[in-house]
Visitor: 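First the structure, then my questions, so here it is.
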Amino acid sequence: DTGVSQDPRHKITKRGQNVTFRCDPISEHNRLYWYRQTLGQGPEFLTYFQNEAQLEKSRLLSDRFSAERPKGSFSTLEIQRTEQGDSAMYLCASSLVTGIAVNEQFFGPGTRLTVL
Amino acid sequence: AQKVTQAQTEISVVEKEDVTLDCVYETRDTTYYLFWYKQPPSGELVFLIRRNSFDEQNEISGRYSWNFQKSTSSFNFTITASQVVDSAVYFCALSVFSGNTPLVFGKGTRLSVIA
């Protein structure tokens, strides 16, 4: 059983550079979520998808952030013109939503971003 | 707006002691779901339990038990006879409406179990 995978696991970049992260959800899951976690804090919601449709974006998601899920499978999160404040762990989660059933979100190992 | 408060930042116990992690939530919605996740040193969040707002029954799973009280907006987590492997950061989270909406997490409680 393959869980949620994220790539890369670690990324070090210089301020001003663009970075892109990838998330592969559990194969039959139709919901995909992105969260950001900074040191000593709980994860904070960024955005989520139902299949390929982006349903909601957090106010945390500035114009420099963009996310896609083009075919309703994997998703990418791009950060343009990175800033030191973007340094964090970026977590991806997926879940299967069918009707009114509530199912837990399964989390990936995260991508740790360090902006120098 | 929704909010989850975990007032205990860090707890340290000796192995075999019982420990309770507190969680207080705020929401105006009448339908909501509460969750607990564990984040071990490896970093990956692991789902522990889900509870809906209409079910106030306490739950026990092995050494873990959860106490949900709507009157005090609390969803506390107790580990009985703690073990070193329980050392982790524990997060309480809230999801409103269907429960499939994005999670609102507390800041977490770091539990250290000393042998």
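Order of the sequence lines sets the chain letters (A, B, ...), proteins ahead of strands, with each chain counted from 1.
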Visitor: Hey, is the main chain of A/Asn103 close enough, under 3.5 Å, to the side chain of B/Tyr33 for a donor-acceptor pair?
Guide: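 Not a single qualifying donor-acceptor pair exists.
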Visitor: Compare every heavy atom of B/Phe91 with every heavy atom of A/Gly42, then report the nearest pair and how far apart it is.
Guide: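 So the two residues come closest at CA-CE2, 3.3 Å.
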Visitor: Indicate if B/Phe77 and B/Val46 have the same hydrophobic cluster label, given that clusters are the connected sets of ILVMFWY residues with side-chain heavy-atom separations under 4.5 angstrom.
Guide: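 Shared cluster, no.
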Visitor: Take atom CD1 in B/Ile114; do more than 12 heavy atoms of anything else shown fall under 6.0 Å from it?
Guide: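 Check passes, neighbour count above 12.
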Visitor: Is there a path of hydrophobic side-chain contacts, each under 4.5 Å between heavy atoms of I/L/V/M/F/W/Y residues, joining A/Leu32 to A/Leu60?
Guide: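 Yes, A/Leu60 and A/Leu32 fall within the same hydrophobic cluster.
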Visitor: Taking C-beta and beyond as the side chain, do B/Phe105 and A/Tyr35 meet within less than 4.5 Å on heavy atoms?
Guide: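 Yes - at least one pair of side-chain heavy atoms lies under 4.5 Å apart.
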Visitor: If I take atom CZ from residue B/Arg50 and atom CD from residue A/Glu104, how far apart are they, to the nearest 0.5 angstrom?
Guide: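 Here the rounded value is 5.0 Å.
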Visitor: Are more than 12 heavy atoms, taken from residues, nucleotides or ligands other than A/Glu56, located less than 6.0 Å from that residue's CD atom?
Guide: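 Above 12, so yes.
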Visitor: What part of A/Glu44 gets closer than 4.5 Å to chain B, counting heavy atoms only: side chain, backbone, both or neither?
Guide: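 Looking at A/Glu44, nothing touches chain B.
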Visitor: Only heavy atoms, only distances under 4.5 angstrom. Which residues in residues 106-116 of chain A are near chain B?
Guide: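 Residues of residues 106-116 of chain A touching chain B at under 4.5 Å: A/Phe107, A/Gly108, A/Pro109.
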Visitor: Is A/Ile26 reachable from A/Phe49 through a run of I, L, V, M, F, W or Y residues, each pair having side-chain heavy atoms under 4.5 Å apart?
Guide: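 No, A/Phe49 does not connect to A/Ile26 through the hydrophobic network.
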Visitor: Atom CZ of residue position A/Arg64 - does it have more than 12 heavy atoms of other residues, nucleotides or ligands inside 6.0 Å?
Guide: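 More than 12 heavy atoms, drawn from other residues, nucleotides or ligands, come within 6.0 Å of this atom.
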Visitor: Can you say whether A/Leu91 sits under 4.5 Å from chain B via the side chain, the backbone, both, or neither, judging by heavy atoms?
Guide: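 Contact with chain B is through the side chain of A/Leu91 alone.
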Visitor: Nearest 0.5 Å, what's the OG1-CZ distance between B/Thr101 and A/Arg31?
Guide: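 Spacing of OG1 (B/Thr101) from CZ (A/Arg31) equals 8.0 Å.
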Visitor: Are B/Val4 and B/Leu48 grouped together when hydrophobic residues (ILVMFWY) are joined by side-chain heavy atoms under 4.5 angstrom apart?
Guide: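 Result: yes, single cluster for both.
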Visitor: Any chance NZ of B/Lys16 has more than 12 other-residue heavy atoms, nucleotides or ligands included, within less than 6.0 Å?
Guide: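 No, not enclosed.
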Visitor: Can you tell if the side chain of A/Gln105 reaches within under 4.5 Å of the side chain of B/Tyr37, non-hydrogen atoms only?
Guide: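 Side-chain contact under 4.5 Å: yes.
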Visitor: For B/Gln39, is it the side chain, the backbone, both or neither that has a heavy atom under 4.5 Å from a heavy atom of chain A?
Guide: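 Contact with chain A is through the side chain of B/Gln39 alone.
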Visitor: Report whether B/Tyr64 and B/Val113 are members of the same hydrophobic cluster (ILVMFWY, side-chain heavy atoms less than 4.5 Å apart, transitive linking).
Guide: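 Yes, same cluster.
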Visitor: Please check if the number of heavy atoms outside B/Lys38 that lie under 6.0 Å from its NZ is greater than 12.
Guide: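 Correct, the count exceeds 12.
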Visitor: Please examine the side chains of A/Pro43 and B/Leu45, heavy atoms only from C-beta on, and report whether any two atoms are closer than 4.5 Å.
Guide: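 Contact flag for B/Leu45/A/Pro43 side chains = yes.
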